[in-house]
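What follows is a single structure, written as structure tokens, with notes after it.
Counting starts at 1 for both ligands and their atoms, in listed order.
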Amino acid sequence: MWAMIGTWRMALEGIELASKILEQGGNVGDSIESAIKYIENFPYYKSVGYGGLPNENMQVELDAAYMDGSTFDFGACGAVRNIKNPISLAKALSKFDTNNFLVGPGAENYASKIGLEMVNMLTDRAKIHYKNRLYEENQTNEKKDLKPYIGHDTVGICALDSNLNIAAGTSTSGLFMKKQGRLGDSPVLGSGLYADSSIGAASATGLGEDLMKGCISYQIVMNMKNGMSPQEACQHAVMSLEEILRKKRDKCGDLSVVAIDKDGNFGVATNIEGFSFVYQSSNHPAKVYVTYQEDGKTRYKQASDKWLEDYMEKRMAPLIKLYE
Ligand code: GLY
């Protein structure tokens, strides 16, 4: 049995590609790196890798992480510029006993030293988004709130290989217009991801500042350890975090999570409308699901052809320059 789950529709092609590695008995880490690299390289996803939207200084700063649930190897990089595939750096760093989490120029120097490809990650499309945002803010004389994207934010992938190894990986450009150096949950162990091959793995997407307050991925894996199914574990973690944040702070940002257990069963939960995810396993073809809420719980259904068409059309639509 092998299985893979990823946040958002954008995980589809990466998971389909990486599933070939798992199908042939390959390693879970290679499959996660391959899936996330595909997504990082696709220029129309404005929340991950090449084409990711910049910070308030028009610099693309990326975060990524990788955790191996069999060895507990963990590697991460944060606020890195010009690294084509941050997930490859995170995975490379996971092999060491120290220096596992590098940020900024130190991470960039190390990536270059080990021969990772360095490129300017700011696309013309991302520049238009940035300049349009400044234009809109100038027009209203008001700064817009920083919010996760609806439709595609962090890509988080959890996988199980046929040798029963489980791992998780994440990659993101974080919040559009964030402060230089800002890190979200995605590279933070226990928040953006967690994996333990004897239990399962989880990964999160949404407002990093709030997801971190619940160490949500660790919480989901512990929920599974305590006997919950992946679905119950995800639902419980999201509902509890939302409840406590509303109680203490009167507000709660977007929280969406996916998980798998050691048998390849999956779970998903969210507190937003429009969260999508992709699941594939040795006995289940790759499918995109869209979530909805019913009786206070997250449910999901397979995405319709129309939904899938609209999704890509929206991502790839020509951009209008407001500022010209
Ligand atoms: N979840 C992505 C971020 O907050 O940066």
Side-chain angles (χ1 to χ4, degrees), residues 5-11 36 39-40 45-57 59-67 76-81 83 86-87 89-90 101 103-104 107 121 126 129-130 133 144-158 168-194 201-220 234 237-238 241-242 245 249 251-259 268-272 274-277 291:
I5 189 163
T7 53
W8 307 106
R9 147 68 185 89
M10 68 178 162
I36 294 184
I39 300 154
E40 287 176 338
Y45 297 136
K46 53 191 173 122
S47 53
V48 177
Y50 185 67
L53 295 191
N55 65 19
E56 65 179 9
N57 302 333
Q59 300 149 329
V60 179
E61 290 194 330
L62 304 164
D63 307 330
Y66 172 77
M67 181 174 187
C77 56
V80 296
R81 298 188 208 161
I83 299 176
I87 187 62
L89 176 60
F101 193 170
V103 298
M121 301 297 276
H129 279 294
Y130 177 84
R133 171 78 158 231
K144 288 193 182 187
D145 289 342
L146 300 193
K147 280 193 188 141
Y149 306 93
I150 297 285
H152 58 121
D153 175 64
T154 302
V155 64
I157 294 196
C158 304
T170 56
S171 185
T172 188
S173 51
L175 298 180
F176 180 29
M177 299 305 244
K178 65 189 177 183
K179 292 248 171 277
Q180 184 179 343
R182 177 258 182 198
L183 298 177
D185 60 302
S186 306
V188 177
L189 185 57
S191 290
L193 74 171
Y194 196 76
S203 186
T205 172
L207 185 64
E209 284 75 359
D210 280 359
L211 291 160
M212 285 191 277
K213 292 180 175 93
C215 301
I216 197 159
S217 294
Y218 181 74
Q219 184 62 56
I220 292 167
C234 289
V238 167
L241 183 54
E242 163 132 18
L245 291 177
R249 300 167 63 78
K251 59 186 174 191
C252 175
D254 295 1
L255 315 172
S256 302
V257 297
V258 295
V268 54
T270 181
N271 67 350
I272 63 164
F275 177 56
S276 58
F277 68 97
T291 62

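- Side-chain contact between Val155 and Ile36 is present, with heavy atoms from C-beta onward closer than 4.5 Å.
- The backbone N or O of Gly206 lies less than 3.5 Å from a partner atom in the side chain of Asp153, making a donor-acceptor pair.
- The protein atom (non-hydrogen) at minimum distance from atom 3 (C) of ligand 1 is Arg182 NH1, 3.4 Å.
- Which parts of ligand 1 touch Asp153 is read off a 4.0 Å heavy-atom cut-off, strictly below it: atoms 1 (N), 2 (C).
- Of the residues Thr154, Thr172, Thr205, the one that meets the side chain to side chain donor-acceptor pair (under 3.5 Å) test with Ser186 is Thr154.
- Among all non-hydrogen protein atoms, the one lying nearest atom 2 (C) of ligand 1 is Thr154 OG1, 3.1 Å.
- Partner of Ser256 under the side-chain contact (heavy atoms from CB on, under 4.5 Å) criterion, chosen from Ile216, Val268, Thr270: Thr270.
- Not a single N or O atom of Leu207, backbone or side chain, sits closer than 3.5 Å to an N or O atom of ligand 1.
- Distances below 4.0 Å separate heavy atoms of Gly206 from the following atoms of ligand 1: 1 (N), 2 (C), 3 (C), 4 (O).
- Each of the atoms 1 (N), 2 (C) of ligand 1 lies under 4.0 Å from some heavy atom of Ser186.
- Under a 4.0 Å criterion applied to the non-hydrogen atoms of Gly174, ligand 1 contributes the atoms 5 (O).
- Put simply, the side chain of Thr170 never gets that close to the backbone of Ser203: no donor and acceptor are under 3.5 Å apart.
- Residues Pro54 and Phe176 form a side-chain contact, since some pair of their non-hydrogen atoms from C-beta on lies under 4.5 Å apart.
- Considering backbone and side-chain atoms together, Gly208 places an N or O closer than 3.5 Å to an N or O of ligand 1.
- Judged by distance alone, with hydrogens and angles left aside, the side-chain atoms of Glu61 form a donor-acceptor pair with the main-chain N or O of Gly181 at under 3.5 Å.
- Residue contacts with ligand 1 do not include Pro148, since none of its heavy atoms lies under 4.0 Å from the ligand.
- The distance criterion of under 3.5 Å between nitrogen or oxygen atoms is met by Asp185 with respect to ligand 1.
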